[in-house]
S.K.: 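Take this structure first; my questions come after.
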There are 4 protein chains.
Amino acid sequence: MKKTEEKREKSKKILVETALSLFSENGYEATSIRQIASEAGVSLGLMYNYFSSKEELLLEIFRLGYKDIQHSFAKSGKPEGTSALKQHILQTVQLLKEKKHFWRLLHSLRFQRNIMAPVALEVQEQINYVEAQLKDNLMEAGVHAPDLEAKLLFASIDGMAMHYLLNENYPLDEVANQLIQKYTTH
Amino acid sequence: MKKTEEKREKSKKILVETALSLFSENGYEATSIRQIASEAGVSLGLMYNYFSSKEELLLEIFRLGYKDIQHSFAKSGKPEGTSALKQHILQTVQLLKEKKHFWRLLHSLRFQRNIMAPVALEVQEQINYVEAQLKDNLMEAGVHAPDLEAKLLFASIDGMAMHYLLNENYPLDEVANQLIQKYTTH
Amino acid sequence: MKKTEEKREKSKKILVETALSLFSENGYEATSIRQIASEAGVSLGLMYNYFSSKEELLLEIFRLGYKDIQHSFAKSGKPEGTSALKQHILQTVQLLKEKKHFWRLLHSLRFQRNIMAPVALEVQEQINYVEAQLKDNLMEAGVHAPDLEAKLLFASIDGMAMHYLLNENYPLDEVANQLIQKYTTH
Amino acid sequence: MKKTEEKREKSKKILVETALSLFSENGYEATSIRQIASEAGVSLGLMYNYFSSKEELLLEIFRLGYKDIQHSFAKSGKPEGTSALKQHILQTVQLLKEKKHFWRLLHSLRFQRNIMAPVALEVQEQINYVEAQLKDNLMEAGVHAPDLEAKLLFASIDGMAMHYLLNENYPLDEVANQLIQKYTTH
DNA sequence: AATGAATGAGACTTCATTCAT
DNA sequence: TATGAATGAAGTCTCATTCAT
């Protein structure tokens, strides 16, 4: 029957969303299963019907988040009037706003090697991919030392993202525009 | 007696250093007091003679680390032949290399609000100070929109630092130079 | 309707058999209801339509197993050419081989008072009955101190059974023959 | 200082003894750490200062118990006036009475493969050793088929032990004597 | 009759902290 | 000052059991 399936999906979804929110706000280690269950309005043990452990729940959140982001980037399509670089930055800004919880979680765990280990590979691939994209875009724009420039640009974007995620009132759009101008005017 | 005082300081110092190292490598939450004591070669309870709690030990590490950094920046003096901006970036690079443990700890806890709360004010002050410095330097260099530019430059520096701290083989010097050139050539 | 009745019995039977197998292999406590249901190919909750609890299922297994054994002993009839003792031992050997799962479960729980409590009486009766039988048989054979001898013989048989159940390659037939000879030759 | 060492040993000892008693009475799985601590009059967590897990505590109990038994057998020395067989059986009877808790625990776990796994080797060695001893003794006594006879005798002794451990009023001495007579008179 | 999502008590274990020595 | 045995709250996870469908 469908009913059961729907119920399952609904419970799973509310658990993932609640967990993402709490992990993001208070940290992964500082958030207890009891807290998640309570906030989600379900019983303590329900999580274990869907995830084999707290860590597995985290990994699922990662997987879903990454899929989401890649989907967004893919969907955004090729730049038309605007340069690829501008498009990339704007898209990043958009995603930062839309998935703030996810990004915050990602940043908060970035330095926890023990936790990141299971997804380290995917993360690294993602990083390499972004850097390669940036490099291509920079080469198209005829920049010298595109390798180093890509690293620098990536750092700028990442740093901006970090500051936005840490600061409630960060003028993300303005800083992003400033960055875009740096790379599009001569 | 002097002897006692010295012993006290020595014990305290070894605890702070060991804790910084372990917190940085394995994470604050993942490091137990027992581990610190064991690694430091002292008894389990000794820490509580000097710090009222694990958190207080962390805060002391923060305070000492910040003092250290401010000291370094102050000592480096005014720029002479080189621009203030260049000097700031180079000094940052230098400190990143020298105090890697401390920076890594800082970055790994940056998003843990519950932990950062007690030092949030000092951290914010430090951030404001750096941003103000950068702004001054940019104004001197006659840059438009120095406010936004300062935010962007800070993000670039911070992003670069983050990538360096995350990546064993990051070409920090090269990226830093690239950044310096961006802000010193016309 | 008959159909329903049949279905009921079938489900019950498969649950009992699966549970016996798993309890015997992995232990009563270490076997979960979920495991039994999964192995039996039925839903998690089905068991509770037939048994009020996990313990009740165990008791049913005991009851059925004992009934089975008594049936076998009854059916085997009186000894003809051979002595009653020989017959008893051979019958026991036969049953040990046929109902290995049941015997193993019985032995594995024999010392768990809390679990055995509900069937303690039946078990004790069974033991008394066997001992009485053995005593009768020994008296017929004209043995001195038949009471003690019955206890000793029972211990020998039980010990042999235990060793057989514990050891994949136990030479049950040979040891049983040795035992038979001890009590049939002069 | 000695004081600390003594305290350690004392705590460890009371934990081992309490655990042995409870495991033996109620079963290993059915006994919780909380129960042990409570019965021992110590805090819940103390056990983990001495044993890394509940299972490790069990293994320590095994090791100590086995050592104890081997010690006893070794100490009992060679038989003088009496036959080796008689001596062996009497010594076993003695140990059964003295270490009832330990034997009961051993018997109650004998069929739990998952739990016995870590000590399976030692147990098997012990079994082999006993069987070899019995065989030697039987050969000395000029018995036919000493291999099978050893197995049978071992089964008898083990079965007797089991019945004694299960039954508060088992006439162990009498049954043992009966067994001795079986193997010492012609 | 059958299903399986949901519940929550309770198990094992960790670890910051206390305190007698 | 230094030690480390002892404490117990709190965490993760399991699992028998319930009940709406």
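Source: prediction; values computed, not measured. A note on names: the letters A, B, ... follow the listed sequences, proteins ahead of strands, and every chain is numbered from 1.
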S.K.: Please list each protein N or O that sits under 3.5 Å from an N or O in nucleotides 14-18 of chain F, with the distance.
M.R.:
residue : atom : partner  : partner atom : Å
dA16(F) : OP1  : Lys54(C) : NZ           : 3.1
dA16(F) : OP2  : Ile33(C) : N            : 2.8
dT17(F) : OP2  : Tyr48(C) : OH           : 3.0
dT17(F) : OP2  : Lys54(C) : N            : 2.9

S.K.: NZ of Lys10(D) versus P of dT21(E): gap in Å, rounded?
M.R.: 12 Å
S.K.: To the nearest Å, how far apart are Tyr50(D) OH and dC12(E) C1'?
M.R.: 19 Å
S.K.: Tell me every residue that passes side-chain contact (heavy atoms from CB on, under 4.5 Å) with Glu29(C), counting only those two or more places apart in sequence or in another chain.
M.R.: Gln112(C), Ile115(C), Glu29(D), Ala30(D)
S.K.: Angle class for the Phe62(D)/Phe102(D) ring planes (parallel below 30°, perpendicular above 60°, tilted otherwise)?
M.R.: perpendicular
S.K.: With sequence neighbours left out, write down each residue that passes side-chain contact (heavy atoms from CB on, under 4.5 Å) with Ser43(A), or none if nothing qualifies.
M.R.: Leu46(A)
S.K.: Are any of Thr4(D)'s side-chain N or O atoms less than 4.0 Å away from OP1 or OP2 of dT21(E)?
M.R.: no
S.K.: Looking at residues at least two apart in the chain, or sitting in another chain, which of them share a side-chain contact (heavy atoms from CB on, under 4.5 Å) with Lys7(A)?
M.R.: none
S.K.: Any side-chain hydrogen bond (donor to acceptor under 3.5 Å, both in side chains) pairs touching residues 48-68 of chain A, not counting sequence neighbours?
M.R.: Glu56(A)-Arg63(A), Glu60(A)-Arg63(A), Asp68(A)-Lys99(A)
S.K.: Could you give the CD1-to-C1' distance, from Ile36(B) to dC15(E), as a whole number of Å?
M.R.: 12 Å
S.K.: Not counting sequence neighbours, which residues clear salt bridge (Lys or Arg N to Asp or Glu O under 4.0 Å) with Glu25(C)? List them please.
M.R.: Arg113(D)
S.K.: With Watson-Crick and G-U wobble geometry limited to distances under 3.5 Å, how should the secondary structure of DNA chain F be encoded in dot-bracket form, using | for bases paired to another strand and [ ] for crossing pairs?
M.R.: .||||||||||||||||||||
S.K.: Looking at CG of Leu106(A) and CE of Met162(A), how far apart are the two atoms once the value is rounded to the nearest 0.5 Å?
M.R.: 12.5 Å
S.K.: Can you measure Glu6(A) atom CD to dT21(F) atom C1' for me and round it to whole angstrom units?
M.R.: 13 Å
S.K.: When we call it a touch if two heavy atoms are under 4.0 Å apart, what does Phe51(D) touch: a base, just sugar-phosphate, or nothing?
M.R.: nothing
S.K.: For dA2(F), does OP1 or OP2 lie under 4.0 Å from any side-chain N or O of Ser43(B)?
M.R.: no
S.K.: In whole angstroms, how far is the P atom of dC12(E) from the CG atom of Leu58(D)?
M.R.: 12 Å
S.K.: Please tell me which of the listed nucleotides, dA5(E), dT7(F), dT3(E), lies nearest to the side chain of Leu46(D)?
M.R.: dT7(F)
S.K.: Measure from CD on Glu5(D) to P on dT21(E) and round the result to the nearest Å.
M.R.: 17 Å
S.K.: Mind checking what makes salt bridge (Lys or Arg N to Asp or Glu O under 4.0 Å) contact with Arg110(B), not counting sequence neighbours?
M.R.: Asp158(B)
S.K.: Could you note down all residue pairs passing ring-ring contact (aromatic ring centres under 6.0 Å, His included) where residues 28-47 of chain C supplies at least one of them, sequence neighbours left out?
M.R.: Phe23(C)-Tyr28(C)
S.K.: Could you state the CG-P distance from Asn26(A) to dA10(F), rounded to the nearest angstrom?
M.R.: 16 Å
S.K.: Just how far, in rounded Å, is C1' of dT1(F) from CD1 of Ile14(B)?
M.R.: 16 Å
